[in-house]
Amino acid sequence: MSKSRDIHHMPSLAAVMTPFPYHIDINATVEEALELMEEHAVHHLPVTRDGDLETVISRGDIERANAPGHRLEEQQLYVHDLCARRPYIADIHDPLDKILLAMADTGIGSVLVMREGELAGITTVTDVLRFCGKYLAELAQPVDDSIA
């Protein structure tokens, strides 16, 4: 964030995304997904199939699948067992307000960020809240208009 506090400039999705996110193959086990999430302290993983972007899986998806009454017996679960939804995909240059409103309106927790057809990053609710908190804190700081 710049110190200019230009509230007339809308940041793009690039300002809040985590670049080059870790990802997992759709045929991996849920345990492998959890291990990757824990190892890298993330809650969402883009999911690929043969190297192509497919969807996203979250820690919440896994927790819901493992909740009492939801898991089918004690069978091995795979990432593809939990990935029925279509991901929200946006361009790296999309204005942040558009993305925030879409996240709020749809209740999604993550956005896969593309640049020229390739996965460039991921943005989560946590990323957006952190960015907005820092932005507001910066706006609240007094501006030093004195000339030294």
Take Asn27 and Val79 through the test side-chain contact (heavy atoms from CB on, under 4.5 Å) and record every step on the way to the result.
CA-CA 6 Å; Asn27 293 311; Val79 171; over 6 Å; no
Shortest non-hydrogen separation from [X] to [Y] and the atoms involved:
| X | Y | result |
| --- | --- | --- |
| Met37 | Ile62 | CE-CD1, 4.0 Å |
| Arg59 | Leu34 | NH1-CD2, 3.8 Å |
| Met17 | Pro19 | O-CD, 3.5 Å |
| Met103 | Ser110 | CE-N, 4.1 Å |
| Val111 | Ala90 | CG1-CB, 3.7 Å |
| Met10 | Pro95 | CG-CB, 3.7 Å |

When you measure from the side chain of Thr18 to the backbone N and O of Pro21, does any donor-acceptor pair fall under 3.5 Å?
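Between the backbone of Pro21 and the side chain of Thr18 there is no qualifying donor-acceptor contact (under 3.5 Å).
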Check whether any side-chain N or O of Glu32 sits under 3.5 Å from a backbone N or O of Thr29 as a donor-acceptor pair, and report yes or no.
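Yes: the side chain of Glu32 pairs with the backbone of Thr29.
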If I take atom [atom1] from residue [X] and atom [atom2] from residue [Y], how far apart are they, to the nearest 0.5 angstrom?
| X | Y | atom1 | atom2 | value |
| --- | --- | --- | --- | --- |
| Ser58 | Ile108 | OG | CD1 | 12.0 Å |
| Asp50 | Ile26 | CG | CD1 | 9.5 Å |
| Glu31 | Leu77 | CD | CG | 7.0 Å |

Is the shortest side-chain heavy-atom distance between [X] and [Y] below 4.5 Å?
| X | Y | result |
| --- | --- | --- |
| Pro11 | Phe131 | yes |
| Asp91 | Leu13 | no |
| Val128 | Leu100 | yes |

Output all residues satisfying salt bridge (charged side-chain N to carboxylate O under 4.0 Å, His left out) with Arg49, sequence neighbours left out; order by chain, then residue number.
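In terms of salt bridge (charged side-chain N to carboxylate O under 4.0 Å, His left out), with neighbours along the sequence ignored, Arg49 is linked to Glu54.
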Which residues pass the ring pair (Phe, Tyr, Trp, His ring centres under 6.0 Å) test with Tyr88, sequence neighbours left out?
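Testing Tyr88 for ring pair (Phe, Tyr, Trp, His ring centres under 6.0 Å), a comparison that skips the adjacent residues, returns none.
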same_hphob_cluster(Val42, Leu36) at 4.5 Å side-chain heavy-atom cutoff
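Hydrophobic grouping puts Val42 with Leu36.
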Leu96 reachable from Ile92 in the ILVMFWY side-chain graph, under 4.5 Å edges
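Hydrophobic grouping puts Ile92 with Leu96.
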Decide yes or no on side-chain contact (heavy atoms from CB on, under 4.5 Å) for His23 and Leu45, but give the supporting numbers first.
CA-CA 5 Å; His23 56 86; Leu45 292 172; 5.8 Å; no
Verdict with supporting geometry, Thr48 and Ile24, side-chain contact (heavy atoms from CB on, under 4.5 Å):
CA-CA 6 Å; Thr48 58; Ile24 194 154; over 6 Å; no
Hey, what else clusters with Leu53 if you join Ile, Leu, Val, Met, Phe, Trp, Tyr whenever side-chain heavy atoms sit under 4.5 Å?
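Its cluster partners, ordered by chain and number, are Val56, Ile89, Leu112, Met114, Leu119, Ile122.
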Out of Thr126, Thr124, Asp127, which residue meets the side-chain contact (heavy atoms from CB on, under 4.5 Å) rule with His44?
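Only match with His44 under side-chain contact (heavy atoms from CB on, under 4.5 Å): Thr124.
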Begin from the C-alpha positions of Asp25 and Val47 and carry the test side-chain contact (heavy atoms from CB on, under 4.5 Å) through to its verdict.
CA-CA 6 Å; Asp25 187 79; Val47 176; over 6 Å; no
